[in-house]
Amino acid sequence: MIFVVAILLAVVLARLRGGRLERLGQLSFRFAPLIIVGFVIQILIFTPILGSHLSRPQIALAYDLSMILVWGTLAMNWRVPGAPLMALGVFSNWLVITLNGGFMPASQDALLQAGFVSRAMMTGNQHYNNTILIDANTRLPFLADIMAVPAALPFSNVFSPGDLLLATGTAWLVQRVMVAAQPTTGATKSSP
């Protein structure tokens with residue numbers, strides 16, 4: 001959810017700075033449909049649509065495939081403003097999720113701050129969508145969902161350092177594209 005909030009805030013800020021939304025449509029982003037396919041795979045495997053019918057190894061394999069599509073597309077577009085940050089964020093999330101069996105570990109404190117009490121009470125091998133609790137066996141817990149937008153605020157949720165990098169890179173992209181450099185006009189200095 002932090003990703004959506006970052007995009008909305010970036011668009012509003014860009015508009016306030018004189019940016020034009022139609023410039024986003026002019027962005028040249030090679031192989032962009034692969035990112036959409038990657039996210040659709042994630043939606044399918046981490047919701048009851050398909051996820052309840054797959055084993056943990058199948059979920060982990062499908063997740064890896066989705067992330068290869070997303071990360072690979074971002075890597076191929078590394079010259080696009082913000083793409084390197086987005087790729088680093090995606091890689092960070094992929095790494096922690098892959099090393100933890102295909103699920104994103106989340107801090108119990110962050111889940112409680114975001115108001116997700118039922119998720120914070122998971123035990124043992126339980127998971128909720130793509131979330132498991134951080135425990136003593138969690139690998140790279142500092143890359144997990146350890147931060148939270150508090151429940152008292154709109155769009156409360158937990159997020160990881162990778163999500164923060166992804167959101168920052170996306171906001172940077174929106175700013176750079178919408179508020180393109182204007183050609184300079186006016187008189188040039190003449191020497192006396």
Side-chain angles (χ1 to χ4, degrees), residues 1-17 19 24 27 29 32 34-36 38-43 45-46 63-64 66-116 119-120 122 127-135 138-179:
M1 191 54 70
I2 188 171
F3 182 71
V4 173
V5 172
I7 291 173
L8 293 174
L9 290 175
V11 167
V12 169
L13 180 60
R15 291 286 296 143
L16 292 173
R17 295 179 56 218
L24 288 175
L27 177 66
F29 204 83
L34 294 180
I35 288 179
I36 296 166
F39 286 127
V40 167
I41 291 171
Q42 289 181 31
I43 290 168
I45 63 174
F46 291 127
Y63 178 75
D64 284 344
S66 75
M67 292 308 283
I68 288 168
L69 292 172
V70 173
W71 187 83
T73 303
L74 289 170
M76 287 186 283
N77 289 281
W78 68 275
R79 290 185 181 194
V80 171
L85 271 181
M86 289 186 275
L88 184 59
V90 168
F91 179 78
S92 171
N93 283 346
W94 170 80
L95 185 62
V96 70
I97 289 171
T98 298
L99 291 177
N100 288 287
F103 295 90
M104 175 59 92
S107 152
Q108 187 175 43
D109 289 341
L111 289 166
L112 289 172
Q113 285 177 21
F116 300 139
R119 287 192 222 178
M122 292 185 291
H127 64 89
Y128 180 87
N129 289 340
N130 70 332
T131 305
I132 57 173
L133 278 181
I134 291 176
D135 63 20
T138 301
R139 295 182 178 146
L140 304 179
F142 59 91
L143 293 179
D145 283 344
I146 55 173
M147 297 173 272
V149 174
L153 298 175
F155 306 110
S156 64
N157 208 340
V158 293
F159 59 97
S160 68
D163 294 335
L164 196 55
L165 287 169
L166 182 59
T168 302
T170 304
W172 181 9
L173 169 70
V174 168
Q175 289 296 305
R176 290 286 305 272
V177 173
M178 284 183 65
V179 187

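As a basis for the values below, the full set of heavy atoms in this structure was taken, side chains included, without hydrogen atoms, waters or symmetry mates.
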Inset, instruction - Using atom types as modelled and distance alone, determine if a side-chain donor or acceptor of S92 lies under 3.5 Å from a backbone N or O of L88. - result: no
Inset, instruction - Step by step, work out the side chain to side chain contact (heavy atoms under 4.5 Å, CB included) result for I2 and N157. - result: CA-CA 8 Å; I2 188 171; N157 208 340; over 6 Å; no
Legend entry - Distance (rounded to the nearest 0.5 Å) between Y63 OH and F103 CZ: 11.5 Å
Legend entry - Closest non-hydrogen atom pair, S160 against D145: N-OD1, 3.1 Å
Inset, instruction - Given side chain to side chain contact (heavy atoms under 4.5 Å, CB included), test L111 with L133 step by step and report yes or no. - result: CA-CA 9 Å; L111 289 166; L133 278 181; 3.5 Å; yes
Legend entry - Spatial distance of atom CZ (F3) from atom CG (L164) [nearest 0.5 Å]: 12.5 Å
Inset, instruction - Look at the side chain of W71 and the backbone N and O of A87, then say whether any donor-acceptor pair between them is shorter than 3.5 Å. - result: yes
Inset, instruction - Verify, without hydrogens or angle tests, whether Q175 (side chain) and A10 (backbone) share a donor-acceptor contact under 3.5 angstrom. - result: yes
Legend entry - For N93 against D163, the heavy-atom pair lying closest together: ND2-OD1, 2.8 Å
Inset, instruction - Go through T131 and V158 one step at a time and tell me if the side chain to side chain contact (heavy atoms under 4.5 Å, CB included) criterion holds. - result: CA-CA 10 Å; T131 305; V158 293; 5.9 Å; no
Inset, instruction - State, with a plain yes or no, whether a side-chain heavy atom of N130 is found less than 4.5 Å away from one of Q42. - result: no
Legend entry - Minimum side-chain heavy-atom gap I35-F29 below 4.5 Å: yes
Inset, instruction - Would you mind reporting whether L85 and L173 have side-chain heavy atoms less than 4.5 Å apart? - result: no
Legend entry - P150 backbone acceptor or donor facing Q113 side chain under 3.5 Å: no
Inset, instruction - Nearest 0.5 Å please: distance from the CD1 atom of I41 over to the CD1 atom of I36. - result: 12.5 Å
Inset, instruction - Compare all side-chain heavy atoms of L112 with those of Q108 and state whether any distance is below 4.5 angstrom. - result: yes
Legend entry - Test item: V5 and V149 side chains (from C-beta on) under 4.5 Å apart, heavy atoms: no
Inset, instruction - To the nearest 0.5 angstrom, please state how far the CZ atom of R176 sits from the CG atom of L27. - result: 11.5 Å
Inset, instruction - Of all the heavy-atom pairs spanning S156 and A151, show the shortest one and how long it is. - result: CB-CA, 3.6 Å
Legend entry - CA sep, side-chain torsions, deciding dist, call: L140, F142, side chain to side chain contact (heavy atoms under 4.5 Å, CB included): CA-CA 5 Å; L140 304 179; F142 59 91; 3.7 Å; yes
Legend entry - Which atom of P161 lies closest to which atom of A144, heavy atoms considered: CD-O, 3.4 Å
Inset, instruction - Determine the sole option in T138, I146, L143, L99 for which the side chain to side chain contact (heavy atoms under 4.5 Å, CB included) test with P105 is passed. - result: T138
Inset, instruction - Work out which heavy atom in A148 is nearest to a heavy atom in A110; give both atom names and the distance. - result: CB-O, 3.4 Å
Legend entry - M104 CE to T98 OG1 distance, which is reported to the nearest 0.5 Å: 10.0 Å
Inset, instruction - Identify the heavy atoms of M86 and T170 that sit nearest to each other, and give their distance. - result: SD-OG1, 3.2 Å
